[in-house]
Protein chains: 2
Amino acid sequence: MAKSLLEPPSCACFNIRRAARKVTQIYDKALRPAGLQATQFTLLAMLAAGNDGNGILMGSLAGRLGMDRTTLTRNLAIAERAKWALVRPGKDRRERHVALTAAGRKKLAQARPYWQAAQQGIIEQLSETGLAELLTLTHRLDSS
Amino acid sequence: MAKSLLEPPSCACFNIRRAARKVTQIYDKALRPAGLQATQFTLLAMLAAGNDGNGILMGSLAGRLGMDRTTLTRNLAIAERAKWALVRPGKDRRERHVALTAAGRKKLAQARPYWQAAQQGIIEQLSETGLAELLTLTHRLDSS
DNA sequence: AGCAAGTGCGTGTATTTACACATATCAGAA
DNA sequence: TTCTGATATGTGTAAATACACGCACTTGCT
C-alpha cells in the first residue's frame with residue numbers, strides 16, 4: 001500500500017522527464033523573441049560546433065545530439081524549411097552532409113543572448129555547482 | 001569562436017533533454033513486456049497514489065505530474081481508450097474526476113516489476129547517492 | 001434575477017520523439 | 001562482374017508536448 005504511494009516520487013524517469021518539460025519551457029520562452037525553440041537552437045549550435053567546412057553526416061549529428069536518427073530527420077526538416085540549414089549529398093550518395101547557412105549562423109548569433117539569459121536563470125536556481133552536478137549525472141546516463 | 005563550441009556541452013536544456021530521451025528509452029524498453037510506456041505508467045501510478053476514492057481533478061493531476069493540462073487531456077485519452085482510467089463529471093459540471101479502473105490497477109501491478117528492474121538499472125549507473133542527487137536537482141528545477 | 005468575471009476543461013495546430021519498415025548505395029567476396 | 005551483406009538514410013505511424021483559442025459552468029455583485 002505505502003509502496004505505490006512512494007514510487008512516483010522516486011522514479012528517475014518521471015522526475016527527469018518532468019524537469020525536462022520545465023526546463024524546456026524556460027528556454028523556449030526565453031528564446032521566443034529570437035524566433036527559435038530550444039530544440040532548433042540546440043540543433044543549430046551543434047551544427048556550428050561541428051562544422052568542419054564540409055558539413056556533418058546525419059548519423060553523426062544524431063549521435064552528437066543523442067537523439068534518434070529519424071527524429072533528427074524531422075527536426076532538420078524544420079531548419080531546412082527556415083533556410084537555417086542546408087543538406088547536400090556526399091560523394092557516397094547515401095550520405096547527407098548537413099551544414100549551417102549564413103542565415104542559420106545569423107539566427108544562432110541573434111538567439112545567443114536569450115539562451116545566455118535562460119542559462120543564467122538556471123544557474124541562479126541550481127548554483128554553478130548544482131548545474132555542474134546535473135551535467136555530470138546526465139552525462140553518466142547518456143554514456144551507457 | 002571558441003564560445004560557440006562550448007555552449008552545447010554546458011547547456012542545461014540540451015543535457016537534461018538528452019538524458020530524458022535516454023532514460024525514457026530505458027524505461028519504455030523495460031516496460032514493453034507489460035504493454036505500457038513510461039508516460040502511461042507514470043500516469044497510472046500517479047492516479048493510484050492520489051486516489052481518495054472520488055478521483056482526481058484534471059487540473060490537479062496535471063499539476064502533480066508537472067505537465068500541461070492539455071497534454072494530460074491527450075495522454076489520458078489513451079488510458080481511457082485502453083480502459084485503464086475512467087473519467088466522470090463532478091457535481092460542478094466543469095470538473096472531470098479521473099480514477100483508475102480495476103483493469104488499470106491490474107495493469108499497474110503487472111508493470112511494477114518491470115519498472116523496478118529499470119529503476120534498479122538506473123541506480124546501478126548512478127548509485128543510490130547519484131540518483132538522490134538527481135532527484136534533488138530536478139525537484140529544485142520543478143519548484144520554481 | 002441578471003450580468004461580469006473567474007474557473008475548469010477541450011480542440012486546433014505544430015513540434016518533438018522513436019520504433020518498424022523500406023530504399024538506395026557501397027564494399028567485398030566469389 | 002555479380003551478388004551479398006553492410007551502411008546511410010527516409011517514411012508511416014503513434015505517442016508526448018504545449019501554446020492559442022474557445023466553450024461551458026460557476027460565483028459574486030448589483
Side-chain angles (χ1 to χ4, degrees), chain A residues 13-14 16-32 35-44 46 55-63 65-82 84 87-98, chain B residues 13-14 16-32 35-44 46 55-63 65-82 84 87-98:
Chain A
C13 188
F14 165 51
I16 202 165
R17 283 173 67 84
R18 181 171 52 169
R21 285 193 291 269
K22 185 77 171 189
V23 170
T24 300
Q25 285 185 46
I26 291 172
Y27 281 75
D28 275 354
K29 200 157 299 188
L31 288 170
R32 202 176 178 75
L36 272 179
Q37 294 195 241
T39 301
Q40 291 292 317
F41 175 82
T42 301
L43 173 55
L44 299 192
M46 193 62 81
I56 311 179
L57 298 188
M58 294 285 300
S60 167
L61 184 53
L65 289 167
M67 67 174 53
D68 191 90
R69 184 182 55 74
T70 68
T71 300
L72 176 59
T73 297
R74 321 298 170 123
N75 291 353
L76 189 56
I78 295 173
E80 276 191 276
R81 195 194 319 148
W84 298 328
V87 181
R88 290 167 302 181
K91 272 174 295 189
D92 181 334
R93 296 228 291 282
R94 295 170 300 183
E95 295 178 349
R96 314 254 294 162
H97 297 258
V98 189
Chain B
C13 188
F14 165 51
I16 202 165
R17 283 173 67 83
R18 182 172 53 168
R21 286 193 291 268
K22 186 77 170 189
V23 170
T24 300
Q25 285 185 47
I26 291 173
Y27 281 76
D28 276 354
K29 201 157 298 190
L31 288 169
R32 200 175 178 75
L36 272 179
Q37 293 195 238
T39 300
Q40 291 292 316
F41 176 83
T42 301
L43 173 55
L44 299 193
M46 194 63 80
I56 311 178
L57 298 188
M58 293 287 298
S60 167
L61 184 53
L65 289 167
M67 67 174 52
D68 190 272
R69 185 182 57 72
T70 67
T71 300
L72 176 59
T73 297
R74 321 296 170 124
N75 292 352
L76 189 55
I78 295 173
E80 277 191 275
R81 194 194 318 148
W84 298 328
V87 181
R88 289 167 302 182
K91 271 175 294 191
D92 182 334
R93 296 228 289 282
R94 294 170 300 184
E95 295 178 348
R96 314 253 295 161
H97 296 260
V98 189

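Chain A is the first sequence line, chain B the second, and so forth, proteins listed ahead of strands; every chain is numbered from 1.
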| said: Between B:T71 and B:M67 (side chain of the first, backbone of the second, donor and acceptor by atom type, cut-off under 3.5 Å), is there such a pair? | reply: no

| Nearest atoms (heavy-atom pairs only) where A:L43 meets A:A79 | CD2-CB, 4.1 Å

| query | In whole angstrom, what separates B:R17's CZ from C:dT16's P? | reply | 7 Å

| Short side-chain to backbone donor-acceptor contact, A:D28 and A:A38, under 3.5 Å | yes

| field | Contact nearer the 5' end of DNA chain D, comparing B:T39 with A:E95 | value | A:E95

| message | Is it the case that the side chains of B:R17 and A:T39 hold a donor-acceptor pair, with the cut-off being a distance below 3.5 Å and no angle test? | response | yes

| message | Applying a 4.0 Å non-hydrogen cut-off, can you work out what A:R18 is touching in the nucleic acid: base, sugar-phosphate, or nothing? | response | nothing

| Closest approach of B:F41 to B:L31 (non-hydrogen atoms, all atoms of both residues) | CB-CD1, 3.7 Å

| field | Test item: B:R18 side-chain N/O and A:L65 main-chain N/O as donor-acceptor pair under 3.5 Å | value | no

| field | Rounded distance in Å - NE2 (B:H97) to C1' (C:dC9) | value | 12 Å

| note | DNA chain D nearest-nucleotide lookup for B:R81 and A:R32: closer to the 5′ end is B:R81

| message | Rounded to whole Å, please give me the gap between CD in B:Q40 and P in C:dA18. | response | 18 Å

| field | Heavy-atom contact window of chain B on DNA chain D, given 5' to 3' at under 4.0 Å | value | D:dA15 to D:dT26

| field | Closest approach of B:G35 to B:W84 (non-hydrogen atoms, all atoms of both residues) | value | O-CH2, 3.8 Å

| message | Using heavy-atom distances to pick each residue's nearest nucleotide on DNA chain C, tell me which of B:G59 and B:K22 is more 5'. | response | B:G59

| remark: Value for CD (B:E80) from CG (B:L76), rounded to nearest 0.5 Å, stands at 5.0 Å

| task | Please report, rounded to the nearest Å, how far the C1' atom of C:dT16 is from the CZ atom of A:R21. | result | 13 Å

| field | DNA chain C-proximal residues of residues 72-80 of chain B, any heavy atom under 4.0 Å | value | B:T73, B:R74

| request: Calculate the interatomic distance between A:Q37 atom CD and C:dT13 atom C1'; express it in whole Å. | output: 12 Å

| query | Could you give the CD-to-C1' distance, from B:Q25 to C:dT16, as a whole number of Å? | reply | 13 Å

| Hey, is the main chain of A:N75 close enough, under 3.5 Å, to the side chain of A:Q40 for a donor-acceptor pair? | yes

| Do the side chain of A:T24 and the main chain of A:A20 share a donor and acceptor less than 3.5 angstrom apart? | yes

| Taking the side chain from B:R21 and the backbone from A:G66, do they hold a donor-acceptor pair closer than 3.5 Å? | yes

| What does B:T71 touch in the nucleic acid at a heavy-atom separation under 4.0 angstrom: a base, only the sugar-phosphate, or nothing? | base

| message | Does the protein touch nucleotides 21-28 of chain C at the base, only the backbone, or not at all? Give it as B, S and - per nucleotide, heavy atoms under 4.0 Å. | response | ---BBS--

